[in-house]
Amino acid sequence: MTAILLAFALVTYAPGPANLAVSVLAMGQGPRPAIRMALGLALGLAAWGIAAALGLGAMLAASEVAMTGLRLGGGAILLWLAWSGLRGAGRTAAAPAAIRAPFRTGLLLNLSNPKAVLAWLAALAVGLDASAGAGPLVMATAACALIGLSNYLLWALLMSRDLPRRAYIRARRGIETGVALIFGAAGAELIRQGVTR
């Protein structure tokens, strides 16, 4: 079980679109919207964990049609976030544009993330013996879901503190433009993978 938790923690705490999205929201809007996004991200991640534990994740990963749909959907959401970020960066006001539904945005971001499915499959495959029964699988899935929740809440609370928020206000346009470009590149790559596979 320790190997599973370590593998999942490494994947979850690594920089990626979800951690970046909740961090930028925390710096720009403060802890409340960031916590709502963190909860949505955690729920989306946990949903994939349940799917993987039930064997649906493996079926999904084996289905090229399903993975293509996930890649195209995930790419579209990242492109939407990129567009929103670029619009926010172009604003003249010091405050960034608010995300209207941070919980839903976080939920959709992780539900449409094909890498979340693969991360769960990889983590649950490490150290689980098929003969061990359902108990260890349920415990590992619950523990990994809590790791995901703690990760997103950590970013939400850490980046909503005064120092990161002051730095964000000083460099808001540059940060929002950079994040939008990262989201745009990731979204375009997901769509490219979905179209070419």
Side-chain angles (χ1 to χ4, degrees), residues 8-49 70-117 119 144-192:
F8 194 80
L10 283 173
V11 172
T12 304
Y13 280 91
N19 289 341
L20 189 56
V22 75
S23 295
V24 171
L25 184 63
M27 288 186 293
Q29 298 296 314
R32 286 187 182 174
I35 288 170
R36 287 196 296 272
M37 178 178 270
L39 294 174
L41 288 165
L43 181 60
L45 190 66
W48 282 126
L70 264 180
R71 287 182 184 109
L72 294 176
I77 288 174
L78 286 172
L79 289 177
W80 173 77
L81 286 172
W83 171 247
S84 299
L86 284 175
R87 277 192 354 213
R91 292 181 34 177
T92 55
I99 291 181
R100 293 174 196 222
F103 178 84
R104 185 177 63 211
T105 301
L107 178 64
L108 290 175
L109 184 59
N110 263 352
L111 284 179
S112 65
N113 183 357
K115 291 181 180 159
V117 180
C144 287
L146 288 174
I147 288 171
L149 175 62
S150 70
N151 167 63
Y152 299 129
L153 287 175
L154 175 71
W155 285 111
L157 296 173
L158 184 67
M159 299 310 279
S160 63
R161 298 186 59 87
D162 285 342
L163 185 61
R165 292 197 74 190
R166 282 198 306 268
Y168 175 82
I169 289 168
R170 285 194 301 272
R172 182 188 66 81
R173 282 188 172 180
I175 290 171
E176 288 186 5
T177 301
V179 169
L181 292 174
I182 290 169
F183 283 161
E189 176 60 18
L190 271 181
I191 289 174
R192 185 197 67 75

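Side chains are part of it too, since the values below use all heavy atoms of this structure and drop only hydrogens, waters and symmetry mates.
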Enquirer: Between L41 and L45, is there a side-chain heavy-atom distance shorter than 4.5 Å?
Expert: no
Enquirer: First locate atom OG of S23, then atom OH of Y152, and finally report the distance between them rounded to the nearest 0.5 Å.
Expert: 11.0 Å
Enquirer: Would you give the length of the straight line joining atom CZ of R161 to atom CZ of R166, rounded to the nearest 0.5 angstrom?
Expert: 10.5 Å
Enquirer: What's the shortest heavy-atom distance between I77 and S112, and which atoms?
Expert: CD1-OG, 3.2 Å
Enquirer: Could you give all pairs that pass the salt bridge (charged side-chain N to carboxylate O under 4.0 Å, His left out) test and reach residues 181-191, with sequence neighbours left out?
Expert: E189-R192
Enquirer: Quick one: are I35 and L157 in side-chain contact, heavy atoms under 4.5 Å?
Expert: yes
Enquirer: Quick one about Y168 and S160 (side-chain donor to acceptor, distance below 3.5 Å, no hydrogens or angles considered), yes or no?
Expert: no
Enquirer: Does the side chain of L81 come within less than 4.5 Å of T105's, by heavy atoms?
Expert: yes
Enquirer: With rounding to the nearest 0.5 Å, note down the distance linking CE in M27 to CG in L158.
Expert: 10.0 Å
Enquirer: As an exercise, state the distance from CE of M37 to CG of L153, rounded to the nearest 0.5 Å.
Expert: 13.0 Å
Enquirer: For the CG atom of L107 and the CG atom of L39, what is their distance to the nearest 0.5 Å?
Expert: 11.0 Å
Enquirer: Looking only at non-hydrogen atoms, find the nearest pair between A180 and A82 and report the distance.
Expert: O-CB, 3.2 Å
Enquirer: Kindly give the heavy-atom pair with the smallest separation between C144 and F8, and that separation in Å.
Expert: O-CE2, 3.1 Å
Enquirer: Would a 4.5 Å heavy-atom cut-off, applied to side chains only, mark L109 and L78 as touching?
Expert: yes
Enquirer: Does the N19 side chain pair with the main chain of T12, one donor and one acceptor, at a distance under 3.5 Å?
Expert: yes
Enquirer: Indicate yes or no for a side-chain donor-acceptor contact from S150 to the backbone of I147 under 3.5 Å, with no hydrogens or angles considered.
Expert: yes
Enquirer: Do L111 and W48 have side chains that get closer than 4.5 Å, going by heavy atoms?
Expert: yes
Enquirer: Show your working on side-chain contact (heavy atoms from CB on, under 4.5 Å) between L25 and V22 and close with a plain yes or no.
Expert: CA-CA 5 Å; L25 184 63; V22 75; 5.6 Å; no
Enquirer: Considering non-hydrogen atoms only, spot the tightest contact between R165 and M159 and give its length.
Expert: CG-O, 3.7 Å
